[in-house]
2 protein chains.
Amino acid sequence: MNDFIDLFDEFDRRILPHHLTDADILRLRQKAFALHLRAQGHADFAGPEDHFAYVAKGAVKLVAYLSGSREQIVAFGFPRELIHIPGSGPNGFSLIALEATELLAIPADGLLAASGKDSTLLRLAIEQTILALGRSRANSIMLGTHSARERLAGFLLAMFERGACHRASPETIRLPMSRAEISDSLGLTIETVSRQFSEMRNLGLIETTGRSIVTVRDWEGLAHAAGHMPAAA
Amino acid sequence: MNDFIDLFDEFDRRILPHHLTDADILRLRQKAFALHLRAQGHADFAGPEDHFAYVAKGAVKLVAYLSGSREQIVAFGFPRELIHIPGSGPNGFSLIALEATELLAIPADGLLAASGKDSTLLRLAIEQTILALGRSRANSIMLGTHSARERLAGFLLAMFERGACHRASPETIRLPMSRAEISDSLGLTIETVSRQFSEMRNLGLIETTGRSIVTVRDWEGLAHAAGHMPAAA
DNA sequence: CGATGTCTTGACCAAGTTCAAAGCGCGTGG
DNA sequence: CCACGCGCTTTGAACTTGGTCAAGACATCG
């Protein structure tokens, strides 16, 4: 279990540009705060302000709640990633841990305010937001044009690319999310996701062990099933 | 037909922060360029660089091309809006005019480079990118969880909100896009969109005149059809 | 006023959802 | 350490929505 100092240090090394002045870093450190979430724990950032969150350990989902009992997972966050959390807008968003998670939260305008003369931090913020925008648009494309098979295959490939979770071999990952969470992110039902898993298993594309361990047996076939489109959720 | 000076001037008044220095504005002006597109004309921003485009007149769509003949409209742009165009990434994007359009294009890193000491322009860029991210995420939610009826009703309401095109009365707009473009943006087929129009007409929610003029007869019903249920637990 | 491309409508079909029940992994407690 | 039971997952069958194919209607433009 890391404390704030370790977390911030890791964030500094992994994400922050290297040529920041000490003053910049200090200002930023004063705005940032650490969060330790248990599985299913949720972080609510009250107020209208956007936040960025650096995920150090674990995994999170960013969920939009809708009228009815419908919900849509808008993004996942994995270790070493920085994710953008919108402040209160037309839709309510919240950040929920899939498993025990350590993260560092930074109010967006903290990032702006902490930015010194050379505005390196601002550039970081833009860069990250544009990244998030790209992922979100890829997501829109996936939801608008892809079949269930393509969505799940693309999802699995994306999980591998993002190194979702510790893998014994490079062909194997442990998915930290349930079928319900996968289906919410792909705009499908649990049953359809499950059926797709079974069919892809029968086709020899993947193998599954227990509930959440997936091994790829045929990368080419999987990429083909995805429609050659590795999307990011 | 505006020339570059008029266009830039309008952009300055409508979008740029008011306290920019003359030097900032001058630097920006050197990076920006005007584009006049005919209906169906496309602007291709070669190279890996992102751009922003200020729409002065007309309307545009931002399209992602996919393997196969599938395409997905990722965003529309209407007058007074600033839209973000990603540089060449995994998917090819292009900006296409729905009708005769005048716009001002600004390379994203022009915005960054032109930014002076107080980095006001950087803040503008962030703000706009975050806005685009919000719209894109709303789009994901729509595509992931809404039925055809809800999508079209929501689309129409959004068009009214954004003042898509000159309206005779506040109940009436002229949609500048074809059914095919509507369906591509909603992740549906032309036929489904057409059927939904007919059904909503039969339900007395809307009236249509010619191909593209829509008059709302029942705002509440339309909002309800869009799934904007206000008091839903 | 006629040609052309867009839009509408219908019949049929397939993908995905819903509802229901059985199977199985995983944590708990004996 | 194994048995138990809960809850997640899988599977099945009926159904619904939206997609596909095809033909006819209608605006809009020359």
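Numbers restart at 1 for each chain; the letters A, B, ... are given by sequence-line order, proteins then strands.
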Check: B:Arg151 side chain, D:dG18 base, donor-acceptor under 3.5 Å = no

ask   = Any ion pair linking A:Glu199 and A:Arg149 (charged N to carboxylate O, less than 4.0 Å)?
value = yes

key: DNA chain C: 5'-proximal contact among A:Thr189 and A:Thr209 (nearest heavy atom)   = A:Thr189

inquiry  = If you assign each of A:Thr208 and B:Gly187 to its closest nucleotide in DNA chain D, which residue comes earlier from the 5' end?
reply    = A:Thr208

message = If I take atom NE2 in residue A:His146 and atom P in nucleotide C:dA15, what distance separates them, rounded to the nearest angstrom?
response = 17 Å

query = Are B:Lys57 and B:Glu10 within salt-bridge range, i.e. N to O under 4.0 Å?
reply = no

ask   = Do the side chain of A:Arg211 and the base of D:dT9 come within less than 3.5 angstrom through a donor-acceptor pair of N or O atoms?
value = no

inquiry  = Below the 4.0 Å mark, does C:dT8 have OP1 or OP2 next to a side-chain nitrogen or oxygen of B:Ser194?
reply    = yes

ask   = Roughly how far, to the nearest 0.5 Å, is the CE atom of B:Met177 from the CG atom of B:Leu98?
value = 6.0 Å

query = Less than 3.5 Å between a donor and an acceptor, one on the side chain of B:Arg195 and one on the base of D:dT20, is that the case here?
reply = yes

ask   = For the base of C:dC7, is there a side-chain donor-acceptor partner from B:Glu191 under 3.5 Å away?
value = no

task = Please state how far atom CD1 in A:Ile190 lies from atom P in C:dT18, giving the value in whole angstrom units.
result = 11 Å

ask   = Below 3.5 Å, does any donor atom in the side chain of A:Arg201 face an acceptor in the base of D:dT9, or the other way round?
value = no

ask   = Honestly, is A:Arg179 close enough over A:Phe197, meaning NZ or CZ under 6.0 Å from the six-membered ring centre and within 45° of the axis?
value = yes

